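For reference, the structure discussed in these notes is given below.
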Amino acid sequence: MAETIRMMHEQRCGCDVTKRIVRPDGEVRYVRCVGVPVFEDGVFKPFHGTTIDVTEHERLTQELRRERAYLTEAQSLTHIGSWAANFATRQNFHLSDETYRIHGFDPRQGPTPLERFWATLHPEDEPVVRATLENAIRTGTDYDIREFRIRRADDGQIRFLRTIGHRNPVGEIGEYVGITMDITELKRAEEERERLRQLEADLAHINRVNMMGELAAALGHEIRQPIAASITSANACLRWLARDPPDLERARAAASRIEQDGNRAADVISRLRSFYKKGTPPEREIVNLKDIIREMTALLRKEAVRHSIKIHSELDEDMPNVLADRVQLQQVFMNLMLNAIEAMKDIGGKLTISSRLASEGQVMVSIGDTGVGLPAENTGRIFDAFHTTKPQGTGMGLAITRSIVEAHGGRVWATANSGAGATFHFTLPAKAEEHA
Amino acid sequence: MTSEALPTVFIVDDDRGMRQAIQDLVESVGLRAESFASGEEFLRKKHNSRPSCLVLDVRLPQMSGLDFQQRLVDIGMQIPVIFITAHGDIPMSVRALKSGAVEFLTKPFRDQDLLDAIQQALQRDRTAHEQQAEVHNLQQRYGSLTAREQEVMTLVVSGMLNKQIAGEIGASEPTVKIHRGNVMRKMEAGSVVDLVRMADKLKLFPRK
């Protein structure tokens, strides 16, 4: 303060300074001193001035600065920038530091015109962003552009952004406040999750194949034993008969053992069937086929897109429901649709699912592809267990499909398309409508 | 030719149908057969040492066929083994054949394959028995020698002359001659070469 007064005297100039004072009771207050030199007829008279207590004002200013610092920090942590602009007049009122940084500008280099922000937009995404914005301005509504790309101004990196704008209700036309967030990392995490999901699905498939292998080995042993016994008994039987004279008594005993062992092999198979029934009791419920088709289409959409395959469905709107085990029916669709995709995976194509009411209260579903088509030979055997044309196939898919469809009182068959590919059809009895 | 006891085929398989079928097949070609549900059951019965062989299932409930074969070796029971299995793999068959199995057959097998293997196993057992009987006979003759005669025999087969033997045991040459004559007579050896062969079978040669 002393310095200020000395300078005022020397230069005969005024002052406007804010300083701290300590009052006799020890309290610190901020004061603003404004002074002007007074001249009367060119003669310097002492200074005139006022002193204002600005403590409250100063406190608010500091608080504002602090709040602003917190906000900037929060934005930088979350990669969310805030802004306020009038898109109609191309003015910006507020651009937070983070908004600058998201686009690759340095906030310390002063204001950047809105045009330069526009220029960072990825050329492929610019039309969509512009159209969305123009539409929002015209209709005076809020907008949310969930994903678009920019090329950062500083390092040229491609980043994924999301931006949300709220129309300022008291402002002029085109006035918006909003946020822009960098979702690149989020997107990467999501892609990683998707990759893991795919991996899990692959693993599930491998497990299924392994399980089939173990099941086949265990079954193989159980069935091989009585078959081997009956073959040996048959050999013994032939030898008793070939004796001179033939030993008919022993031959008869051997033949009766062959019968026992044959029955034993058949029992193993029946036991297996009853085990299956025990393991999964049939859970019949009223099922809407359209729902299942929609679910399975959604589930396999990604897989189809990956192989450039379009899924097309032609569903009869008035189709009656069926009484079925929902999970098993999903399995049928899964098997047939995956087969169709498999048949087209190298060439792309179209998967068509259609459903209609066939004669005699039967619902018929057809799943067609434009793929490699049915094998020229053994077409009748494709539904047999262990029959496969695929290198990694278990040969069980169509066999299981047939077993499920038949257990539901339906039928399954395949036809060659007039053009490329094949179509698999199955029928299920329609659930009789019970009008209340 | 002396008429030898009827060869016997023992069958160990936990599957009743299988062991009945094998027993019947074996009997249809005129061999004796006995079957057992487990290795323990087989061991409980006393077996006289007629030529025999064992048809053994690899997968048995308590002790696997391979382990059972090892146990037979451990208790000194020499019997040729033919393995049968419903799901054989190569390492398993290698292990079985390495430990002396005659054959390793996968069910279902050709009847002739099993019967051929059985004939081969019985022949192997017969040869082993003949050798054992001969050794047993030689051991009895050797046991009838006096301690001095056994000493002289060891020195004779090691290639020493009478004079050297006399020096070795501190006796006169004519005494050695008498001992030597007794050895040849009691061992029923026609020549020194014969005696050497016997000593070999009796494992009289000192291990080097």
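Order of the sequence lines fixes the chain letters, A, B, ..., with proteins taken first and strands second; residue numbering starts at 1 for each chain. Only a predicted model underlies this, so the values are computations on that prediction, with no experimental measurement involved.
- Around the CZ atom of B/Arg16, the shell of radius 6.0 Å holds no more than 12 heavy atoms that belong to other residues, nucleotides or ligands.
- Proximity to chain A (any heavy atom under 4.5 Å) is shown, for B/Val26, by neither the backbone nor the side chain.
- In this structure, B/Lys45 places its NZ atom where more than 12 heavy-atom neighbours from other residues, nucleotides or ligands lie under 6.0 Å away.
- Using a 4.5 Å heavy-atom threshold, the side chains of B/Phe109 and A/Ile231 count as separate.
- The line from CG of A/Asp261 to CD of B/Gln20 is 8.5 Å long, rounded to the nearest 0.5 Å.
- Only the side chain of B/Leu115 comes within contact range of chain A, judged by heavy atoms closer than 4.5 Å.
- Nearest heavy-atom pair across A/Ser233 and B/Ala21 is OG-CB, 3.1 Å.
- For A/Arg239 and B/Asp24, the salt-bridge test fails: no basic side-chain N is under 4.0 Å from an acidic carboxylate O.
- When every heavy atom of A/Arg243 is checked against every heavy atom of B/Glu27, the shortest pair comes out as NH2-O, 3.4 Å.
- Considering every non-hydrogen atom in both B/Lys107 and A/Ala228, the closest pair reads CB-CB, 3.6 Å.
- Here A/Arg224 does not pair with B/Asp15 in a salt bridge; the nearest charged N to carboxylate O distance is not below 4.0 Å.
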